[in-house]
Amino acid sequence: MKKGLLHILTATVLLPALLLSAGCEKYLDVKNASSTIIPTRVSDLEAIMDNPSVVALNYMPGLQERLSDYCIVRPDAFASLSDEDRKGYLFGEQPEDLLILTTWINGYKKVFNCNVVLNLLPTVRDGNTLRGQQLKGHALYYRGFSHFLLLEHFSMPYNKGTAEKSPGIPIKKNPDEDDKTVRFTIAASYKSILEDLEEAVRLLPDEEPLLTRPDKLAAHAALARIYLVRGEYDKALDHASEVLRVKSYVDDYNTRDLSPAAPFNFRMTEIILPHNSIGPAYTDPRTSLVTPAFYQSYDEDDLRKKGFFTANAPDNVVFKGSYTGWATSSALFAGVTVPEVLLIRAECRARAGEAGKAMEDLNYLLKHRYKKDRFQPRTASGAEDALMQVIAERKKEFPFRGIRGMDLRRLANDPRFAVTLERTVTVNGQTFKATLLPGSNRYALPIPKDVINATGIEQNNLK
């Protein structure tokens with residue numbers, strides 16, 4: 001079992017010259033200062049990967065919450081939003097704003113530091129040891145997963161028929177500041193991402209005692225998520241099964257006190273690897289409200305209703321269920337967990353016509369989420385019914401984790417699951433209404449203007 005965060009959060013930064021803030025020009029204007037302090041051992045490079053301000057626990061891109069149908073903004077909160085956030089909430093043409101720029105910079109800063117480690121690893125005296133190879137897997141995991149999340153934010157959803165031509169994101173595989181920035185196609189972007197994570201599976205240890213370092217299970221879980229997004233359900237099933245063969249523990253909400261303002265934390269045993277994210281201001285649980293219909297979708301015997309939310313009134317419900325355990329922070333949990341992997345496998349089994357096995361996975365999860373003496377195992381009339389139930393539970397199991405936006409993107413072309421998002425807010429007698437159709441070009445964020453000006457890469461079609 002992975003240990004707590006104390007080691008990571010108190011780690012000394014051994015190579016400060018390599019941990020420079022990223023800018024926008026060239027390769028984010030990060031200068032390679034390895035000539036100033038030259039690492040000589042794997043432990044020196046581990047300090048880069050373990051530093052929470054650089055890679056470990058650093059915020060992953062979290063703007064996919066803008067696509068969810070979980071929250072509404074109170075009129076007073078809407079009035080206090082910036083013009084950019086108001087446009088974002090109302091699905092307007094997303095403007096250039098600081099959070100979009102920061103999302104791009106922080107994502108590629110993480111990639112840059114992974115590339116620093118991968119570039120320097122062959123030069124240190126113990127780089128070819130088992131520890132060195134595991135560090136290589138560590139860097140490949142974060143590089144691949146970071147590229148994937150950037151792809152989810154700044155490109156349109158994966159479509160097998162158009163992926164060879166549709167623009168993806170710049171893929172960075174070395175820390176050279178003069179490395180030319182070009183947008184790969186979506187297909188080529190995924191090819192690189194999958195290569196990194198498949199190699200990470202081979203190199204990472206079976207179990208990693210430090211919470212923020214990935215192991216084989218984390219890489220398998222990431223691959224299961226990515227293959228699900230791509231609609232390659234046989235491969236998603238294989239990777240999900242690899243995880244569950246080793247780790248299938250689900251925390252039982254019957255054994256937790258769900259009344260505190262922050263009933264969950266990073267010590268949840270079902271967590272495979274923690275990540276944090278910050279979404280747009282209008283999805284901050286401290287200022288937004290949960291849509292009444294979503295709150296009411298939970299049965300009264302469903303413990304998630306108490307654990308995830310505080311209901312001050314029928315139309316005043318707030319989210320409190322982040323696994324970060326930080327009740328006063330806008331940072332939300334965005335990591336990978338056993339329940340996510342269970343529902344991936346359940347979905348893949350249902351799509352393969354294995355309704356019984358899909359419901360076994362679903363019921364295994366739900367018995368840990370419902371009151372023990374009230375839970376009745378679910379049944380399905382067939383594979384189609386099982387699939388519908390699994391998709392519905394994905395929405396209820398992962399609020400405010402960025403997964404809903406991912407699902408809306410990947411399911412936009414399926415009329416069974418496609419959702420038209422609608423938002424309405426009235427301020428000072430003026431009513432604002434907006435809709436976002438399935439598959440809209442605004443499923444992708446704009447490339448920051450500073451990046452386009454510096455590199456000449458293609459902007460997304462936002463119309």
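Everything quoted here is computed from the prediction, not taken from an experiment.
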Using 0.5 Å steps for rounding, measure from the [atom1] atom of [X] to the [atom2] atom of [Y].
| X | Y | atom1 | atom2 | value |
| --- | --- | --- | --- | --- |
| Tyr70 | Thr283 | OH | OG1 | 12.0 Å |
| Leu365 | Arg394 | CG | CZ | 11.5 Å |
| Arg401 | Ser322 | CZ | OG | 7.5 Å |
| Lys109 | Thr102 | NZ | OG1 | 11.0 Å |
| Ser189 | Ile169 | OG | CD1 | 5.0 Å |
| Leu342 | Glu270 | CG | CD | 9.5 Å |

Measure from the ring center of [X] to the ring center of [Y] and say whether it is less than 6.0 Å.
| X | Y | value |
| --- | --- | --- |
| Phe398 | Phe333 | no |
| Phe112 | Tyr108 | no |
| Phe266 | Tyr323 | no |
| Tyr282 | Phe78 | no |

Quick one: does [X]'s side chain have a donor or acceptor within less than 3.5 Å of a partner on [Y]'s backbone?
| X | Y | answer |
| --- | --- | --- |
| Lys247 | Ile271 | yes |
| Gln134 | Glu208 | no |
| Gln64 | Arg404 | no |
| Asp385 | Ser381 | yes |
| Lys305 | Ser297 | no |
| Asp215 | Ala218 | yes |
| Asn316 | Asn312 | no |
| Tyr233 | Arg351 | no |
| Arg423 | Tyr89 | yes |
| Arg410 | Tyr158 | no |

Steps toward salt bridge (charged side-chain N to carboxylate O under 4.0 Å, His left out) verdict (Glu300, Arg374) = CA-CA 10 Å; Glu300 289 304 314; Arg374 305 288 293 178; over 6 Å; no
With a 4.5 Å heavy-atom cut-off, do [X] and [Y] have their side chains touching?
| X | Y | answer |
| --- | --- | --- |
| Pro438 | Thr420 | yes |
| Leu289 | Asp315 | no |
| Ser146 | Met60 | yes |
| Leu140 | Leu197 | no |
| Asp407 | Phe417 | no |
| Leu194 | Tyr227 | yes |
| Leu332 | Phe319 | yes |
| Arg369 | Leu303 | no |

Checking side-chain contact (heavy atoms from CB on, under 4.5 Å) for the pair Met268/Thr337: CA distance, chi angles, key distance, verdict?
-> CA-CA 9 Å; Met268 304 288 289; Thr337 64; over 6 Å; no
Begin with the C-alpha distance, continue with both residues' side-chain angles, and end with the deciding distance and a verdict on side-chain contact (heavy atoms from CB on, under 4.5 Å) for Leu203 and Lys216.
-> CA-CA 8 Å; Leu203 295 173; Lys216 287 188 188 299; over 6 Å; no
Which class fits the ring pair His220 and His239: parallel under 30°, tilted 30 to 60°, perpendicular over 60°?
-> tilted
Determine the interplanar angle of the Phe148 and Tyr190 rings, folded into 0 to 90°, and report it as parallel if under 30°, tilted if 30 to 60°, perpendicular if over 60°.
->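 Judged by the thresholds at 30° and 60°, the geometry between Phe148 and Tyr190 is tilted.
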Given Tyr364, Phe375, Tyr298, Tyr253, the one that forms ring pair (Phe, Tyr, Trp, His ring centres under 6.0 Å) with Tyr370 =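 Looking at Tyr364, Phe375, Tyr298, Tyr253, the match for Tyr370 under the ring pair (Phe, Tyr, Trp, His ring centres under 6.0 Å) is Phe375.
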Go through the structure and list residues passing salt bridge (Lys or Arg N to Asp or Glu O under 4.0 Å) with Glu393, not counting sequence neighbours.
->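 With sequence neighbours excluded, Glu393 shows a salt bridge (Lys or Arg N to Asp or Glu O under 4.0 Å) to Arg304, Arg378, Lys396, given in chain and number order.
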Starting from the C-alpha separation in whole Å, work towards a yes-or-no answer on salt bridge (charged side-chain N to carboxylate O under 4.0 Å, His left out) for Arg202 and Glu199.
-> CA-CA 5 Å; Arg202 182 178 64 83; Glu199 188 173 2; 3.4 Å; yes
Do the charged groups of Arg213 and Asp50 touch, with an N to O distance under 4.0 Å?
->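 Salt bridge: yes.
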Exercise: do Ser192 and Lys173 side chains pair donor with acceptor under 3.5 Å =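 On atom types as modelled, these side chains qualify, holding a pair under 3.5 Å.
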Among Lys110, Arg143, Lys172, find the one that has a side-chain hydrogen bond (donor to acceptor under 3.5 Å, both in side chains) with Asn115.
-> Arg143
Of all heavy-atom pairs linking Ala350 and Ala383, the shortest is O-CB, 3.4 Å
Crowded around Asn265 CG? As in, over 12 foreign heavy atoms under 6.0 Å?
->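 Yes - once you tally the heavy atoms of other residues, nucleotides and ligands closer than 6.0 Å, there are more than 12.
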Geometric cation-pi criterion Arg409 and Tyr443, 6.0 Å radius, 45° cone = no
Please assess Thr181 against Thr455 for the test side-chain hydrogen bond (donor to acceptor under 3.5 Å, both in side chains), listing each intermediate value before the final yes or no.
-> CA-CA 6 Å; Thr181 297; Thr455 65; 5.6 Å; no
Quick one: do Asp373 and Lys371 satisfy salt bridge (charged side-chain N to carboxylate O under 4.0 Å, His left out)? Show the steps, please.
-> CA-CA 6 Å; Asp373 58 344; Lys371 295 177 182 178; over 6 Å; no
Step by step, would you call Glu195 with Lys191 a salt bridge (charged side-chain N to carboxylate O under 4.0 Å, His left out)?
-> CA-CA 6 Å; Glu195 286 173 350; Lys191 181 176 184 293; 2.6 Å; yes
Report the C-alpha distance between His147 and Val111 in whole Å, list the side-chain angles of each, state the deciding distance to 0.1 Å, and finish with yes or no for side-chain contact (heavy atoms from CB on, under 4.5 Å).
-> CA-CA 7 Å; His147 274 139; Val111 169; 3.7 Å; yes
Carefully, step by step, assess Leu101 and Lys449 under the rule side-chain contact (heavy atoms from CB on, under 4.5 Å).
-> CA-CA 9 Å; Leu101 180 61; Lys449 292 178 182 176; over 6 Å; no
Could you go step by step and tell me if Asn460 and Arg183 meet the side-chain hydrogen bond (donor to acceptor under 3.5 Å, both in side chains) rule?
-> CA-CA 11 Å; Asn460 289 322; Arg183 291 188 74 172; 2.9 Å; yes
